[in-house]
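Written out below as C-alpha cells is the structure these notes cover.
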Amino acid sequence: MSDVHVKFDLASTSDDQVFLPPAPLLAGAHVSGLPSYQEIYSKSINDPDAFWRSVAAELHFERVSNKGLEYNFDMRKGDIFCRFMDGSTTNIAYNCLERNIQKGLGDKVAYLWEGNEPSDSYRVTYQELRDKVANFSAVLRAHGVKRGDVVALYLPMVIELAVAMLACARIGAMHSVVFAGFSAESLATRIVDANCKVLVTADGFFRGSKTINLKKIADKAVTLSSTDGVEVTSVILLEHLKRVTVPQGAVLPKKEPLTDKDFLYETEMQKHADKESPVEWMQAEDPLFLLYTSGSTGKPKGIQHTTAGYMVYAYMTMKCSFDAKPDDVYWCTADCGWITGHSYLLYGPLMNGLTGVWFEGVPLHPSPSRIWNIVDNYKVNKLYTSPTAVRALSALGDKWVKETSRSSLQLIGTVGEPINPAAWLWLHKVAGEKNCAIVDTYWQTETGGHMITPLPGATPTKPGSATFPFFGVNPVLLDAEGRQIEGPGEGNLCFDRAWPGMLRGVYGDKERFVKTYFAPFKGYYCTGDGARRDEDGYLWITGRVDDLMNVSGHLLSTAEIESALVAHANVAEAAVVAAPHDIKGSFPYAFVTLNVGEKLDAKLIGELKQLVRDKIGALAVPDVIQEAPGLPKTRSGKVTRRILRKIAEGCDTGLGDVTTLVDESIISELVNGRNRLG
Ligand code: 6R9
C-alpha cells in the first residue's frame, strides 16, 4: 500500500478537538470503528474489481459481465476513458423501485413531501411512486422520447420532478435537470446544447413569500432555443399552483395562455394510464443523465454520468456515509437542480429503501425554525444540508433552534463548500446537542458521489476536516510541478485512479473533458481544489485552487482566512479574495457580513485582524476589511469570488457575468462601499 497516502494514526495526535463517533451510531453501523474502515479501505484499493463487484451484487443486474473498472488517466498513453462492468445491463429506476417493492417495501413511504407552506404536505409510497413513474414514462414515449434522447426538466421541488427523473431513467433517456431558479437564457443554453425536444415544467411556485411564474420563463426559453435552431416539440406542463397554499403577502401569478406545444401533465397521465411502458435494460456504460455545472470560462459544462458506475457509487456512498438503515427518516435539503439532489435526495436514498423528506420551501420561511420544525414533525434522524445554510441559521441566534426538540437527530451532513470550524461546532453543540455525528462530505458534480468523508460510525472527526477518502478513492496532493507531496503538506487535490461514479465526459466536448480534468497533471484527475494533509493524515479542503493566493511567496487559502474571520461572534459570513499589491504580489481583501445590529468600526476591524493573526499568522491578515451588506451568490449558494476579486481590484464595470447571481443589486452596494473606504 506504499502508494496510498493515508495515515490513520490518532495515537499521537496533538489535536484536542477530535470527536469520536457517537455511541448509538457506532453500534451496528455498516462500517463500525476505525479499524473496520481501514480494513475495508485497504481491500477496496488493493482489489477494486472484487470490491466494487461485491457492492454491485447488492443491486439488480439483468446481465453481469466479468469486467470491473477499466480506465486510463494518462493522456500520454492514449485516450482518457473509464468503464465499469462493461457489457453488463441494468436499470437504476428499477433498482430504486421494483427491486424494493419485490423486497416487500411497496407500502413503505418513499417520500414525505412538504410544500413551501407548512400546511401543504402529502406522502407517496414506493408502489405509488413506481406506478407514477411507469405512467409518466409512457407519456414521454408517446411524445417521441427514445433511449439516448435528452429531456429537459425545469420544475420546482415537487414529487413530479422525482417521477420525471425516474421515468427518463426507466426508458433510457437522459434527464437534464435545470434548477428552477435559473433564467430563461440559462435554460435555453442547456436545451440547445443537448438538443432537447421535450421540456417538463410547471405553471409556477412560491419560494418563501416570492412568486415565480415558471411558465413565463419556460416559454421564453423555448422561443430562445428555437432562435438558436433547437425546436422543442412538447412542453409538458404541471399545474402546481392550484394545489398549494398561497403564502401570506403573496399573490398567484397571472395565468399564462397555453401554446400549441403545451400538454397538461395530468391530462397526459390519464391518457396514457393503461399503456405498457417496460423498463429498458441499459448497457453499463450507457449515459444516465446530464447535469450542467459552471466552468471557470465559457458556457456551462454538461457533465455526463453513466448507468452502472453512477448507480453503484451513489448506492454505496449513501449506505456508508450516512449509515443508511431501514428505519431512517432522511432529509437532504438540496434542490434536485444540483448533483446533491440527484445522488442523495433521489437515487441514493431510494436504492437504499429509505423514507425521505422532499421539501419545496426555504430554510427561513415562515420562520428561522422551519428546518428544525420539519425535523421534529417527521422525526428526521439524518439531515444533509450546506454550510451556507448553517451559517445563515447560526447568525440569527440560537433561540430558533432551542425552541425545537430535535431529539430524533443522529447525524448532520454538509456539502458544497468547506465548513468552517465555528459552523461545524455550532452544528455539533447547538443543533446536534452533542449527540450527532457531523459528516462533512467533499465531492463534486463530476465525481457523482462522496470522495472524502467521515463515516459516522467509524471516523473520529475534526471540525472543518472532510477527514479520509471513501472506499476505492486515493487522493494525492501535488505541488505546482506535479510532484506528490508525501506526509503533511498542502497542494492540488487530485485522484490517481478511477472510481465507478466518475463523470464519463462533458457532453459534446471531449476536448474540454480532457483539458479540464486530465491535462493539468498528467495521469491524474484534477479536482481544481486545494487540500492540506495534517500530521494525522486528515484532509482539509482549502477551497478552489483559483481562490488560493500568493502573498509574499506564501500560499494562503482564502477559506482559511474566512474561517478565521467568521470565528468572530459578530461576523455572519466572510469572503476573502486576492487583490494586487506592488510588493507582496497580492494581499488578502476581506468582505464581511455582520450579524444583525453590528457595526464595522475600528475596534472590530482590530479584533478581526488579531483573530486572523492568531489563527494563521501575520502574513494572512487582510489589509482591507470591508463591510458587505450581503455577498454575491449564485443560486446554489456559492459566493462568486471572481466578482469580489474585480471589486477588490478597483473595477467599477466589467465585472463579468452577473446574471447567475441571486441579487445583482449587491454589486453596486459593494462598489460604493469600497469607494467610501478611499
Ligand atoms: C457536491 C457539490 C463542487 C465544489 C468542489 C469544492 C466544493 C463541495 C465540499 C467542498 C470543501 C466540502 N465543495 N463539497 N469544499 N468541503 N465538503 O457541491 O458539487 O456543485 O460541483 O461543487 O464544491 O470546491 O470542487 P459542485
Side-chain angles (χ1 to χ4, degrees), residues 58-62 90-115 120-142 153 155 157-173 175 200 236 238 240 243 265-282 288 307 311 314-315 318-319 324-332 336 341-360 377-382:
E58 295 177 25
L59 295 165
H60 175 82
F61 278 75
E62 189 69 2
T90 185
N91 184 293
I92 193 170
Y94 180 92
N95 273 292
C96 288
L97 301 168
E98 279 84 348
R99 187 180 127 267
N100 282 320
I101 292 165
Q102 278 160 22
K103 288 199 315 199
L105 300 186
D107 293 333
K108 181 169 180 173
V109 174
Y111 289 112
L112 299 150
W113 183 81
E114 172 143 325
D120 293 343
S121 66
Y122 71 89
R123 47 191 61 197
V124 55
T125 65
Y126 274 86
Q127 184 65 51
E128 288 163 347
L129 188 59
R130 195 229 70 114
D131 295 346
K132 285 174 197 284
V133 168
N135 191 169
F136 193 65
S137 74
V139 173
L140 290 175
R141 280 184 160 130
L153 308 180
L155 286 162
M157 284 297 288
V158 290
I159 292 297
E160 287 79 1
L161 175 52
V163 170
M165 291 169 80
L166 291 162
C168 287
R170 181 179 176 89
I171 64 171
H175 49 73
V200 187
I236 300 172
L238 175 74
H240 178 53
R243 61 185 187 183
Y265 183 94
E266 281 308 332
T267 314
E268 292 302 293
M269 286 290 267
Q270 278 159 24
K271 207 162 130 193
H272 301 285
D274 300 324
K275 287 233 177 81
E276 278 286 305
S277 182
V279 167
E280 283 276 342
W281 295 113
M282 305 302 291
L288 173 64
T307 303
M311 178 175 95
Y315 166 74
M318 178 80 215
K319 178 175 169 180
K325 289 287 172 59
D327 292 336
D328 284 348
V329 178
Y330 162 85
W331 179 22
C332 165
C336 258
H342 285 57
S343 302
Y344 301 112
L345 178 57
L346 186 77
Y347 291 120
L350 288 181
M351 278 190 282
N352 281 280
L354 304 188
T355 292
V357 174
W358 190 284
F359 178 48
E360 186 192 25
N377 289 346
Y378 298 112
K379 304 273 174 290
V380 170
N381 66 333
K382 292 171 183 170

Evaluation steps, side chain to side chain contact (heavy atoms under 4.5 Å, CB included), between Trp358 and Met157: CA-CA 7 Å; Trp358 190 284; Met157 284 297 288; 3.5 Å; yes
With a 3.5 Å cut-off and no angle check, do the side chains of Glu114 and Tyr378 form a donor-acceptor pair? yes
Would you say the side-chain atoms of Tyr94 and Gln102 include a donor-acceptor pair closer than 3.5 Å? yes
Give the C-alpha distance, both sets of side-chain angles, the deciding distance and a yes or no for side chain to side chain contact (heavy atoms under 4.5 Å, CB included) between Met311 and Tyr347. CA-CA 8 Å; Met311 178 175 95; Tyr347 291 120; over 6 Å; no
Might you point out which heavy atoms bring [X] and [Y] nearest each other, and give the distance in Å?
{"X": "Ala134", "Y": "Ser277", "value": "O-CB, 3.7 Å"}
{"X": "Arg170", "Y": "Ala93", "value": "N-CB, 3.8 Å"}
{"X": "Cys96", "Y": "Met351", "value": "SG-CG, 3.8 Å"}
{"X": "Leu288", "Y": "Thr307", "value": "CB-N, 4.0 Å"}
{"X": "Cys168", "Y": "His175", "value": "SG-CB, 4.0 Å"}
{"X": "Pro349", "Y": "Tyr330", "value": "CG-CE2, 3.6 Å"}

Donor-acceptor contact present, side-chain [X] to main-chain [Y], <3.5 Å:
{"X": "Asn95", "Y": "His60", "value": "yes"}
{"X": "Asp131", "Y": "Glu128", "value": "no"}
{"X": "Arg141", "Y": "Ile171", "value": "no"}
{"X": "Asn100", "Y": "Leu105", "value": "no"}
{"X": "Tyr265", "Y": "His240", "value": "no"}

Heavy-atom side-chain contact between [X] and [Y] under 4.5 Å:
{"X": "Thr90", "Y": "Leu59", "answer": "no"}
{"X": "Ile92", "Y": "Tyr315", "answer": "no"}
{"X": "Met318", "Y": "Ser343", "answer": "no"}
{"X": "Leu350", "Y": "Leu129", "answer": "yes"}
{"X": "Glu62", "Y": "Asn91", "answer": "no"}

Between Trp113 and Tyr122, how do the two ring planes meet: parallel, tilted or perpendicular, split at 30° and 60°? tilted
Only counting residues at least two apart or in another chain, list the ones meeting salt bridge (charged side-chain N to carboxylate O under 4.0 Å, His left out) with Arg243. Glu160
In chain order, what residues pass the salt bridge (charged side-chain N to carboxylate O under 4.0 Å, His left out) check against Lys132, with sequence neighbours excluded? none
Per the salt bridge (charged side-chain N to carboxylate O under 4.0 Å, His left out) rule, which among Lys108, Lys319, Lys382 passes with Asp328? Lys382
Distance (rounded to the nearest 0.5 Å) between [X] [atom1] and [Y] [atom2]:
{"X": "Thr355", "Y": "Trp331", "atom1": "OG1", "atom2": "CH2", "answer": "15.5 Å"}
{"X": "His272", "Y": "Asn135", "atom1": "NE2", "atom2": "CG", "answer": "9.0 Å"}
{"X": "Leu354", "Y": "Tyr344", "atom1": "CG", "atom2": "OH", "answer": "12.5 Å"}
{"X": "Leu238", "Y": "Glu268", "atom1": "CG", "atom2": "CD", "answer": "12.5 Å"}
{"X": "Glu360", "Y": "Leu161", "atom1": "CD", "atom2": "CG", "answer": "11.0 Å"}
{"X": "Leu345", "Y": "Cys336", "atom1": "CG", "atom2": "SG", "answer": "5.0 Å"}

Test Phe136 against Val200 for side chain to side chain contact (heavy atoms under 4.5 Å, CB included), laying out the working first. CA-CA 11 Å; Phe136 193 65; Val200 187; 4.0 Å; yes
